[in-house]
Undergrad: 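Okay, handing you the structure first.
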Amino acid sequence: MNKSSLKSTGADLEALRHSTSHVMAQAVMKLFPETKLAIGPAIEDGFYYDFEIGRSLTPEDLIKIEKEMAREIVADHKFESYELSKQEAIEYFKKHNQPYKVELIESLSEDKVSLYKHGGFVDLCKGPHVKSAGEIKAFKLLKIAGAYWRGDEKNKMLQRIYGTAFHSSKELDEYLENLEEARKRDHRKIGKDLDLFSIQDSIGPGLVLWHPKGALIRKEIEDFWKNEHLKAGYELVNTPHMALLDLWQTSGHLGFYRDNMFAPMEIDEFKYEIKPMNCPFHIAIYKNTMHSYRDFPIRWAELGTVYRYERRGVLHGLIRVRGFTQDDAHIFCLDSQLESEIMNIIDFVMHILSTFGFKNYDVCLSTRPEKYVGSAENWDKATGALKKALEKKKIPYEVDAGEGVFYGPKIDIKIKDVMKRAHQCSTIQVDFNLPERFDVKYIGEDGKEHRPIMIHRALMGSLERFFGVLIEHYGGAFPLWLAPVQVEIITVSDKHNEYALKIKDVFCRNGLRANFNIRNEKMGAKIREAQMQKTPYMVIVGDSEVEKNLISFRARSGEKQNDIGLDDFIGKLKEEIKNKK
RNA sequence: GCCGGCGUAGCUCAAUUGGCAGAGCAGCUGACUUGUAAUCAGCAGGUUAUCAGUUCAAGUCUGAUCGCCGGCUCCA
């Protein structure tokens, strides 16, 4: 649940949705009187309610529940709040056979509990609610899902109904249209339509095949990434995909990360492990030589491919996979450099992400969890540095208290795509664990050994996830610099094929990706095809162009221009590529 | 992993109560020679995810397995 976005949609909308969830629960109770109620809050763009019902709900049930809700809304019962003592409330819910409510009340610290009543329906609830059910003007039940009681997988699984509600049906319709738009932009669909990537049964779940067009986009991203890193004072490293199991013993991953690691394989009586992280390798490079305090900061970056075991049910297109390439970097620095390094990284993240058209972010600072390594003093120092860096950069952020990784505090940056959905990609983490475990050190000014600070960071997170987000962000219509085919050459008839091949060659020599499909098809069909493939430019040549040695073009956007010089057109494209627009 | 749903040609989808697996697009071949979002015709394409079972007969019913989808938990 995202509190900030609840705020942005308004407290009254939250009350409306919360009230709608009560009305839904009431309808469910009426249709299934044996139902045991769990919880039913408002969430970012709607609400849900968890139930234990004797049987599995079906989509038809949702329709019945909606009808029952509509009747209740017409009845327009008031929402009335009142208080009971804890004991009275427990007795009430015991009497009505509502064990989850009893458990909730028992866990409350207050002496009195607040309840809301409307119609005959009573629920444990802090409120607030709308005045009466009639205020619910537009709602829809969206999906049925399983959800663990109290979010713990050891507990019983309940049935959750998701729904949403708005103040007007116009807003509801807009929301539903938005959902439809999101479905159209689904990277799995676009990935198939544009032949960018696939994930196949014969290869294995969560393992991505990058097809030529996807791989081309990846190459452009990688080239950009590498060049920007070199400019920003990073050095590039490369490390293997596996290492002796001992390495993971030393790093501690076998202890705390085993569930996410694939089983080791045995080679020549030694056990090897496919890597779930890149950090130990970078540390190994560091440790291969002596380091002076003068060397810092050391910034090593790698597009490092890692493999992690993810439970089957969590895999999702490119967003959640089992093999992925992190745009990883590790920075070794002095305490005194931590803050400025963090600020550098923040600037760098913004620079890289904004190039892809991501201008809005949700930033979170995660602080020390209950279980942690390192001294509390170091944690405070590092957390303070992260905080100060964010404040100096005037970046608004939320604090996720206790949500840091056990080895250090972190800043997570979630990018917001054009559909305003947030995606976890970038992360900046201070690590107190690995330097200790690997005994990483440098020789200080005083001639003695000291422990450097280590920062992990990823800007795009993983190329797979980032690509998935990018596909949805652009809806498949990649900007020219990323488009796998930048120019589709289309001839009016096959008389013009020779000229088409000639200009294709000119495009290629100029480093532009031009395609000419010689297939004998009417130009209307070829334009349609290029348009559906979201090719940025179509160059059209017929008698007129061949005669005058010119070209005509049509942009994906609909922009058209006839009879321009090939050099002028190429200049235009090069300018557009340079600006990465 | 858990709850629920789904799995038919490369893609999108059909196939009465169990009764001969089909269409469009894409592909191939040929004809047409085209001016800004689909030219026409022919051909080919399948162990209906896999494996068992029920039945005279299974895409359809049952069970298991695999995978996918929506969530939960977990996370780049």
Undergrad: Quick check for you: among A38(B), A76(B), C68(B), whose closest atom lies nearest to any side-chain atom of Pro205(A)?
TA: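 When the side chain of Pro205(A) is considered, C68(B) is the closest of A38(B), A76(B), C68(B).
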Undergrad: Let me know the distance between CD1 of Ile161(A) and P of G70(B), rounded to the nearest Å.
TA: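 To the nearest whole Å, that distance equals 19 Å.
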Undergrad: Does Gln429(A) get its side chain close enough to the base of A76(B), under 3.5 Å, for a donor-acceptor pair?
TA: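 Between A76(B) and Gln429(A), which were checked side chain against base, a qualifying N/O pair under 3.5 Å is absent.
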Undergrad: Taking any strand in view, what nucleotide pairs with U17(B) in a Watson-Crick or G-U wobble way, both distances under 3.5 Å?
TA: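 Pair assignment: U17(B) / none.
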Undergrad: Would the base of C72(B) count as contacting Arg311(A) through its side chain, where contact means a donor and an acceptor less than 3.5 Å apart?
TA: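 In this structure, the two groups form no donor-acceptor pair.
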Undergrad: Any donor-acceptor pair under 3.5 Å joining the side chain of Glu545(A) to the base of G35(B)?
TA: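 Pair found.
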Undergrad: Do any of residues 348-361 of chain A sit with a heavy atom less than 4.0 Å from RNA chain B, and if so which?
TA: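 Result for residues 348-361 of chain A: none.
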Undergrad: Taking any heavy-atom pair under 4.0 Å as a contact, classify Arg188(A): base, sugar-phosphate, or nothing.
TA: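 The answer is sugar-phosphate, as Arg188(A) gets under 4.0 Å only of primed atoms, P, OP1 or OP2.
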Undergrad: Output yes when a side-chain donor or acceptor of Asp223(A) lies under 3.5 Å from a complementary backbone atom of Glu220(A), and no otherwise.
TA: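 Judged by distance alone, no pair lies under 3.5 Å.
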Undergrad: Rounded to whole angstrom units, what separation is found between the NZ atom of Lys526(A) and the P atom of U36(B)?
TA: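 Interatomic distance, NZ of Lys526(A) to P of U36(B): 15 Å.
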Undergrad: Strictly under 4.0 angstrom, non-hydrogen atoms only: write out the protein contact profile of nucleotides 5-13 of chain B, one letter per nucleotide from the 5' end, B, S or -.
TA: ------SS-
Undergrad: Would you please confirm or rule out a distance under 4.0 Å between OP1 or OP2 of U36(B) and any side-chain N or O of Lys560(A)?
TA: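 So the side chain of Lys560(A) is outside the cut-off, no N or O lying under 4.0 Å from OP1 or OP2 of U36(B).
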Undergrad: Who are the salt bridge (Lys or Arg N to Asp or Glu O under 4.0 Å) partners of Lys371(A), not counting sequence neighbours?
TA: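 By the salt bridge (Lys or Arg N to Asp or Glu O under 4.0 Å) rule, Lys371(A) matches no residue at all.
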Undergrad: Tell me whether Glu488(A) is salt-bridged to Lys526(A), with the criterion being a basic N under 4.0 Å from an acidic carboxylate O.
TA: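 No, this pair does not count.
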